[in-house]
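Note: hydrogens, waters and symmetry copies are ignored here, and every other heavy atom, side chains too, is used. For the single chain, residues carry numbers from 1 onward in sequence order. Keep in mind that this is a model prediction, so the values were computed, not measured.
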Amino acid sequence: MAPDEAQLTPARAMVMLDHQVLRVPGDEDIDLTGFHVYHQVNDWLSLGAGVYAPLLKGQYGGFTAFDVGAHLQQRLTERIFVTAGLAGGGGGGGRSIEQSKVLSGTGGFYKAYAGLGYDFGPVAVGVNLAKMKFTHSAIDSTQANVFLEIPYSYLVAPFSRHGQGLSATDARLAAEDSSENMLTLVLDNFKQIRPEGAFKGTLGVADLQYAHFVAPDTYWYAGLGVGYDGLPLYNQVLGGVGQRLRVAPRVNLYAQLGVGSGGYAPEKINTDSGLLVYPKVSAEYALTPTLGLSLSAGYLAAPKGSSRNVTYGLALTHHLRSGAAAAGWGDAGAASHYQAFRVSLFQQTEFHVRYRDQDRGHLQMVGTQVDAMLDEHWFIPVQAAVAYSAYLGYPGYGELLAGLGLQTRAAPGERLQAFGQLMAGTNVHGPAVKASAGLRYALSDRLALNLNAGRTEARSSSGQRFGATSLGLGVDYLFAVPVR
């Protein structure tokens, strides 16, 4: 039996939504809506990552940018606070493939901001003066940036507690926490209805979705999707709400409505300004208390463009349940053990990039990786990265990968650990695989640094080979949560 010793402590984070309209000299303005997740480091500093995409202005469907950044916040009164931040990343897009070079330059950008906010308790709102600049591009704009903050907290334990039973004290804390979250990897297919763009085929999209339940069967979600077949450079960012219907101990039905932005360039697939609406239903069969396999069908439409699509897909979902949420799964009990995760933010350089048997220089990338631990040696990595330097003269190179990893056992007091991972997914050319290995150095029981080297291989639909050697440096946040 686990000793009666508390391991769980509250961790604080927030979701931030923001919106700004950027001036584009000689062209239509572009409005960018951002979705960011920040983890609170101390009373005034948070670190995290985010994504931006346009909704209503211009013909910039498919423009997407990703960043990592620091967010500072200091209270002036009980309700009023000042805020400031600095972020950098990469991305791009435009009305056409050629125009993307003018609009987005090399794809690298930075954003700096400062402003005031008001805390209402459940949410906070405010306005910043923000500057956003893309390197060697038309975007160099200073504008108002309005934001909404949604704070939340969750219970965490030391990473080393993975797989161990909860102490009696932690079991009581977990029983009071009725939270449930879902991580879902979807292989979606979009069958176009009377397409007007140059691309006429069916689009295969890999979508990574996170959902958080605000009631036993009601949730909000956010998802990032990239093309892996048909149009590899396609991308989309969606968020919305969903409802679950429990029809049997192992069978659930879901209905969700998403709103967001996506596309390629409107000349290829006409999403116009980028606005997307996506209602979808799915049926899930629970393979285990934590893993579910589902089939889905839906309808994806761009209200301001001509793109209309019937969708169908296959998904694998990892459920994270505690307390009453865990007790609600069939005859399962409440949370019984700790599940460890590792979240990394990293800088990566890809050397010796070759495509069509020609040297293409190198790429500078930023990204994030989430590792779900299976035991003390094996883990499942999911990685997303985007370049902030140009590739083949264009902005917007990116990778989305998932696979299996292996690490050496870290004994108590040891700081150094070796690891390797093999992942498959997609890059701008299509299906890709990446093998990498490295070392991790523990700074504390919650933070670590990692250094890794790897090799990425891909083939385009025409059979042309892509290859690159990478070197990366990242910072890891390690934690465990109570699950059934």
Under the rule for salt bridge (Lys or Arg N to Asp or Glu O under 4.0 Å), what residues qualify as partners of Lys101, not counting sequence neighbours?
Glu98

Is there a donor-acceptor pair under 3.5 Å between the side chain of Thr290 and the backbone N or O of His318?
no

Distance col, row Leu55:CG vs Ser261:OG, nearest 0.5 angstrom, shows 5.5 Å

Salt-bridge contact Asp217-Arg246 (side-chain N to carboxylate O under 4.0 Å)
yes

Partner set under salt bridge (Lys or Arg N to Asp or Glu O under 4.0 Å) for Asp27, not counting sequence neighbours
Arg95

Side-chain donor or acceptor of Asp188 paired with backbone N/O of Val205 under 3.5 Å:
no

Set of ring-ring contact (aromatic ring centres under 6.0 Å, His included) partners for Tyr219, sequence neighbours left out
Phe213

Checking Ser344 now: which residues fulfil side-chain hydrogen bond (donor to acceptor under 3.5 Å, both in side chains) with it, not counting sequence neighbours?
Asp476

Any carboxylate oxygen within less than 4.0 angstrom of a Lys/Arg side-chain nitrogen, looking at Asp18 and Lys111?
yes

Is the ring pair Phe341/Phe479 parallel, tilted or perpendicular, if the boundaries are 30 and 60 degrees?
parallel

Run the side-chain hydrogen bond (donor to acceptor under 3.5 Å, both in side chains) test on Glu180 and His319 for me, step by step, so that the C-alpha distance in whole Å, both residues' side-chain angles and the decisive distance to 0.1 Å come before the verdict.
CA-CA 7 Å; Glu180 180 179 355; His319 294 264; 3.2 Å; yes

Name all residues meeting the ring-ring contact (aromatic ring centres under 6.0 Å, His included) criterion together with Tyr154; count only those two or more places apart in sequence or in a different chain, and write none if there are none.
none

Let me have the donor-acceptor pairs involving side chains of residues 112-123, under 3.5 Å, with sequence neighbours excluded, atom names and distances please.
| unit_1 | atom_1 | unit_2 | atom_2 | d |
| --- | --- | --- | --- | --- |
| Tyr113 | OH | His71 | ND1 | 2.8 |
| Asp119 | OD1 | Gly121 | N | 2.8 |
| Asp119 | OD2 | Arg75 | NH2 | 2.6 |

Under the salt bridge (charged side-chain N to carboxylate O under 4.0 Å, His left out) rule, what pairs show up with a residue in residues 146-159, not counting sequence neighbours?
none

Distance (rounded to the nearest 0.5 Å) between Lys304 NZ and Gln59 CD:
9.0 Å

By side-chain hydrogen bond (donor to acceptor under 3.5 Å, both in side chains), Arg342 pairs with (sequence neighbours left out) Asp371, Gln407

Can you sort out the partners of Tyr388 under ring-ring contact (aromatic ring centres under 6.0 Å, His included), two or more places apart, ordered by chain and number?
none

Report yes or no: is the cationic atom of Arg440 (NZ for Lys, CZ for Arg) closer than 6.0 Å to the six-membered ring centre of Phe419, at no more than 45° off its axis?
yes

Sequence neighbours left out, what passes side-chain hydrogen bond (donor to acceptor under 3.5 Å, both in side chains) with His19? Give chain and number order.
Thr33

Only counting residues at least two apart or in another chain, list the ones meeting side chain to side chain contact (heavy atoms under 4.5 Å, CB included) with Pro216.
none

May I ask you to check whether Thr218 and Gln243 show a side-chain donor-acceptor distance below 3.5 Å?
yes

Does Pro381 offer a backbone N or O that forms a donor-acceptor pair with the side chain of Gln421 under 3.5 Å?
no

Could you work out, with side-chain hydrogen bond (donor to acceptor under 3.5 Å, both in side chains) as the rule, every residue matching Thr317, not counting sequence neighbours?
Thr184

